2 protein chains.
Amino acid sequence: MGTCCDMRGFLSFIVLKLISKKNLSGEEIRQEIKKRKGSKPSPGTIYPVLKALSQSGFIQEVKNSGKMKKYRLTKKGQKELKLATKKFCEIFYDMKDEF
Amino acid sequence: MGTCCDMRGFLSFIVLKLISKKNLSGEEIRQEIKKRKGSKPSPGTIYPVLKALSQSGFIQEVKNSGKMKKYRLTKKGQKELKLATKKFCEIFYDMKDEF
DNA sequence: TTGAAGATATCGGATAACCAATACATTTAA
DNA sequence: TTAAATGTATTGGTTATCCGATATCTTCAA
C-alpha cells in the first residue's frame with residue numbers, strides 16, 4: 001500500500017475541479033471524494049479547505065433553498081483552476097496514457 | 001498562484017514513475033522534476049524519498065561505472081506503481097481530457 | 001416551540017513533505 | 001597525491017494536510 005498516493009496538497013485542487021463542474025456543498029464534496037478515493041475526508045479536513053478557498057476568493061457561497069450551503073467557482077477561481085490544471089498536466093505529463 | 005498544486009504526497013509517486021521508465025540517480029530525478037515543475041526539489045527532499053522507497057523495497061541501487069548512484073524499480077515497486085497509478089486515475093478521473 | 005437529524009465549523013494534535021545548510025563520499029583532473 | 005567538482009546524505013526546523021472529537025448552526029417534523 002505505502003503512502004505513495006495520498007492526497008496531500010491536491011485536495012484543494014480537486015475541490016476546485018469538482019465545484020467547477022457543479023455547485024457543491026461540503027457534504028457533497030465529501031461524498032464525491034469517497035466515491036473516488038475510497039475514504040471520506042473528515043469534516044476537519046474539508047471545511048477548512050472550503051474556508052481557505054473562499055477566503056482566497058476562489059469560491060463563493062451561493063444562495064439556495066436546500067439545507068446545504070453550496071459553493072460556486074468565481075472568476076478568480078476559474079483562473080486559478082486553469083493555472084493549476086496546466087501545472088498538473090506538466091507535472092503528470094506521462095499519466096495521460098494511463099486513463 | 002496559491003498552494004493549489006504543490007506536490008505534497010505525490011513526490012514518491014512521481015519518482016517511482018520516472019524510475020520505472022529509466023534507471024535514474026537522485027540528481028537526474030531532480031533535473032527531470034525541475035523540467036516539469038519549474039523548481040528543483042532540494043537534496044533534503046529527494047534523498048530521504050529515495051531512501052524510503054529503497055527501504056520499502058520499491059527501488060534498488062544498480063551498479064554502474066558512472067559517478068552517479070542509479071536506481072531501478074523492483075518487482076515490488078512495479079506492483080506498487082501499478083496500484084498507485086490505478087488510484088491516481090480514479091481520483092483524478094476527469095483530468096484525462098486536460099492533457 | 002421544541003427536538004432530532006444532518007450539515008457546517010472549530011480545535012488540538014499528529015504526521016509527513018519540504019527546504020536550507022551542512023557534512024560526507026567519490027570521481028576526475030591537475 | 002592532492003584539490004576541485006559533483007553527487008549523495010543528514011540534520012533541524014517550518015508548514016500544511018489531515019483526522020478525531022466536539023461544538024454550533026439550520027431545517028424540518030412532531
Side-chain angles (χ1 to χ4, degrees), chain A residues 1-16 18-19 23-34 36-56 58-72 84 87 91-92, chain B residues 1-19 23-34 36-56 58-72 84 87 91:
Chain A
M1 193 76 60
T3 59
C4 262
C5 209
D6 74 350
M7 291 182 46
R8 280 175 179 269
F10 282 96
L11 185 56
S12 340
F13 177 61
I14 293 181
V15 168
L16 278 189
L18 292 178
I19 292 181
N23 294 351
L24 292 173
S25 69
E27 189 50 31
E28 290 172 324
I29 292 171
R30 291 182 68 206
Q31 284 165 10
E32 177 61 32
I33 291 177
K34 175 169 177 52
R36 301 181 179 217
K37 187 173 175 289
S39 65
K40 208 169 170 177
S42 88
T45 296
I46 207 67
Y47 291 104
V49 166
L50 288 173
K51 189 180 181 184
L53 290 175
S54 184
Q55 281 173 346
S56 301
F58 297 150
I59 62 174
Q60 199 170 39
E61 200 179 332
V62 75
K63 298 209 179 303
N64 74 102
S65 47
K67 86 168 126 181
M68 293 190 279
K69 182 173 174 178
K70 300 211 177 189
Y71 288 93
R72 72 174 194 81
K87 200 158 204 177
I91 295 175
F92 293 107
Chain B
M1 195 74 62
T3 58
C4 263
C5 210
D6 72 351
M7 289 182 45
R8 279 174 179 270
F10 282 96
L11 185 55
S12 340
F13 177 61
I14 293 181
V15 168
L16 278 189
K17 180 76 186 173
L18 292 177
I19 293 181
N23 294 352
L24 292 173
S25 71
E27 188 51 29
E28 290 172 324
I29 291 171
R30 290 181 70 207
Q31 282 164 11
E32 177 60 31
I33 290 177
K34 176 170 176 49
R36 302 180 178 219
K37 188 174 174 290
S39 65
K40 207 170 170 177
S42 87
T45 296
I46 207 70
Y47 291 105
V49 166
L50 288 173
K51 189 179 180 186
L53 290 175
S54 185
Q55 282 173 346
S56 302
F58 297 149
I59 63 175
Q60 199 168 37
E61 200 177 335
V62 74
K63 296 206 180 305
N64 75 104
S65 49
K67 86 169 129 185
M68 292 189 280
K69 183 173 174 179
K70 300 212 181 191
Y71 289 93
R72 70 172 195 83
K87 201 159 203 178
I91 294 175

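In what follows, every heavy atom counts, from backbone to side chain, and hydrogens, waters and symmetry copies are set aside. Lettering follows sequence order; numbering is per chain, from 1. The structure displayed is predicted, hence computed values, not measured ones.
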Hey, are the side chains of B/Lys51 and B/Gln55 touching, using non-hydrogen atoms and a 4.5 Å cut-off? yes
Whole Å only: how far is the CD atom of B/Glu27 from the C1' atom of C/dT27? 15 Å
Rounded to whole angstrom units, what separation is found between the NZ atom of B/Lys40 and the P atom of C/dA21? 16 Å
Assign the ring pair B/Phe13 / A/Phe92 to parallel, tilted or perpendicular, where the plane angle (0 to 90°) is split at 30° and 60°. tilted
Distance in Å, B/Ile59 CD1 paired with B/Leu53 CG, rounded so as to fall on 0.5 Å steps: 5.0 Å
Separation of D/dT17 P from A/Ile46 CD1 (nearest whole Å): 12 Å
Is there a side chain to side chain contact (heavy atoms under 4.5 Å, CB included) between A/Arg36 and A/Glu32 once you walk through the steps? CA-CA 7 Å; A/Arg36 301 181 179 217; A/Glu32 177 61 32; 3.0 Å; yes
Enumerate all atom pairs, one protein N or O and one N or O from nucleotides 9-11 of chain C, separated by less than 3.5 Å.
residue	atom	partner	partner atom	Å
C/dA9	OP1	A/Lys69	NZ	2.2
C/dT10	OP2	A/Lys51	NZ	3.3

For atom CZ of B/Phe13 and atom P of C/dC18, their distance in whole Å: 14 Å
B/Leu24 CG to D/dG7 C1', in whole Å, measures 14 Å
Among D/dT8, D/dT17, C/dC18, the one nearest B/Ser25 by side-chain distance: D/dT8
Non-neighbouring partners of B/Gln31 that pass side chain to side chain contact (heavy atoms under 4.5 Å, CB included), sequence neighbours left out: B/Glu27, B/Lys40
Rounded to whole angstroms, how far apart are CE on B/Met68 and P on D/dT8? 7 Å
Integer-rounded Å distance: C/dA7 C1' and A/Glu28 CD: 11 Å
Hey, does B/Leu50 have a side-chain heavy atom less than 4.5 Å from the side chain of B/Ile19? yes
Nucleotide C/dT8, atom P - distance to CD1 of A/Ile59 in whole Å: 12 Å
